[in-house]
Undergrad: 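Following this message is one structure expressed as structure tokens.
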Amino acid sequence: MNHLFSLFKVGLNVLVQKANKFTPATRLLVQRFVPFPAVASANICNVVLMRYGELEEGIDVLDGDGNLVGSSKIAARHALLETALTRVVLPMPILVLPPIVMSMLEKTALLQARPRLLLPVQSLVCLAAFGLALPLAISLFPQMSEIETSQLEPEIARATSSRTVVYNKGL
């Protein structure tokens, strides 16, 4: 997976370097954001590749009492989509906020007069982004997600009288 990330990042950097319409300052700013799409793409590939078996076999769905109703491929697709979206949002605050905040802070008189403060300030900005990222990403979807039985395979819908069932979306 590291190779995919590196390949994507190098490719994006080459595209940014060849963009003739960007000023050097704009090119530098855009390059600060290159890691985000690379990491997001690698995370999506990782989720799909590692959990491909769930798409083929399905995941367990439970009724309101916690009884196993069956194994659903449709619920597996929902779970993988939710997990992939979580994995896209997770690096967003870490890889997007610090470049934006630092590009503004680097222009302040305080940091221009004291360049030695740049590293500690950047460290604090990154620490704050890390503290924001995980709770934000995890809160997008509940661990036990709910889906209407009418959206699932007919055999699942027939196996329960519940209108909805739950499944573990995974991490």
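What you are looking at is a predicted structure, and each value in this text was computed from that prediction instead of being measured.
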Undergrad: Is the number of heavy atoms from other residues, nucleotides or ligands within 6.0 Å of CG (L171) greater than 12?
TA: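 Check fails, neighbour count at 12 or below.
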Undergrad: Would you confirm whether D65, through its side chain, and N67, through its main-chain N or O, come within 3.5 Å as a donor-acceptor pair?
TA: no
Undergrad: Can you see which heavy atom on H78 is nearest to which on Y167, and at what distance?
TA: CB-OH, 3.3 Å
Undergrad: Nearest heavy-atom pair of V166 and D63: which atoms, and what distance?
TA: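 Minimum heavy-atom contact is CG2-O, 4.5 Å.
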Undergrad: Check step by step if side-chain hydrogen bond (donor to acceptor under 3.5 Å, both in side chains) holds for R51 and T83.
TA: CA-CA 10 Å; R51 294 179 59 182; T83 303; 3.0 Å; yes
Undergrad: Within this structure, what is the CD1-CD1 distance for the pair I147 and I156, rounded to the nearest 0.5 Å?
TA: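 That separation rounds to 10.0 Å.
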Undergrad: Would you give the length of the straight line joining atom CG of L90 to atom CG of L95, rounded to the nearest 0.5 angstrom?
TA: 9.0 Å
Undergrad: Answer yes or no: is there a donor N or O on one side and an acceptor on the other, between the side chain of T149 and the main chain of S162, under 3.5 Å?
TA: yes
Undergrad: When you measure from the side chain of S41 to the backbone N and O of A38, does any donor-acceptor pair fall under 3.5 Å?
TA: no
Undergrad: For the hydrophobic clusters of this structure (ILVMFWY residues joined by side-chain heavy atoms under 4.5 Å, transitively), does one cluster hold both V69 and I59?
TA: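 Looking at the clustering, I59 is in the same group as V69.
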Undergrad: Looking only at heavy atoms, which two atoms of G58 and A76 are closest? And how far apart?
TA: CA-CB, 4.1 Å
Undergrad: Are I44 and V96 connected, step by step, through hydrophobic side chains (Ile, Leu, Val, Met, Phe, Trp, Tyr) whose heavy atoms are closer than 4.5 Å?
TA: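 Yes; V96 is reachable from I44 via cluster members.
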Undergrad: Between S71 and E57, is a side-chain hydrogen bond (donor to acceptor under 3.5 Å, both in side chains) present by the stated rule, with each step listed?
TA: CA-CA 7 Å; S71 186; E57 297 172 20; over 6 Å; no
Undergrad: Minimum heavy-atom separation for P93 to P98, with atom names?
TA: O-CD, 3.0 Å
Undergrad: CG of L132 to CG of L97: how many Å apart, nearest 0.5 Å?
TA: 6.5 Å
Undergrad: So which heavy atom on V48 is nearest to which on L80, and how close?
TA: CA-CD2, 4.5 Å
Undergrad: Supply the atom-to-atom distance R87 CZ to L140 CG, rounded to the nearest 0.5 angstrom.
TA: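 Here the interatomic distance stands at 13.0 Å.
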Undergrad: Test of understanding: clusters of I, L, V, M, F, W, Y form through side-chain heavy atoms closer than 4.5 Å, transitively. Do V39 and F36 belong to the same one?
TA: yes
Undergrad: Do M102 and F130 sit in one hydrophobic cluster, given that two such residues count as connected whenever their side-chain heavy atoms are within less than 4.5 Å of each other, even indirectly?
TA: no
Undergrad: Could you tell me which non-hydrogen atom of E153 sits nearest to which non-hydrogen atom of I74, and how far apart they are?
TA: OE2-N, 3.2 Å
Undergrad: When rounded to the nearest 0.5 angstrom, what is the spacing between CG in L110 and CG in L118?
TA: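 Result: 10.5 Å between the selected atoms.
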Undergrad: Check the pair T86 / N43 against side-chain contact (heavy atoms from CB on, under 4.5 Å), numbers first and verdict last.
TA: CA-CA 9 Å; T86 300; N43 281 344; over 6 Å; no
Undergrad: Establish whether L68 and M144 are linked, either directly or via other cluster members, by ILVMFWY side-chain heavy-atom contacts under 4.5 Å.
TA: yes
Undergrad: Working to the nearest 0.5 Å, report the span between CD of E146 and CZ of R163.
TA: 9.0 Å
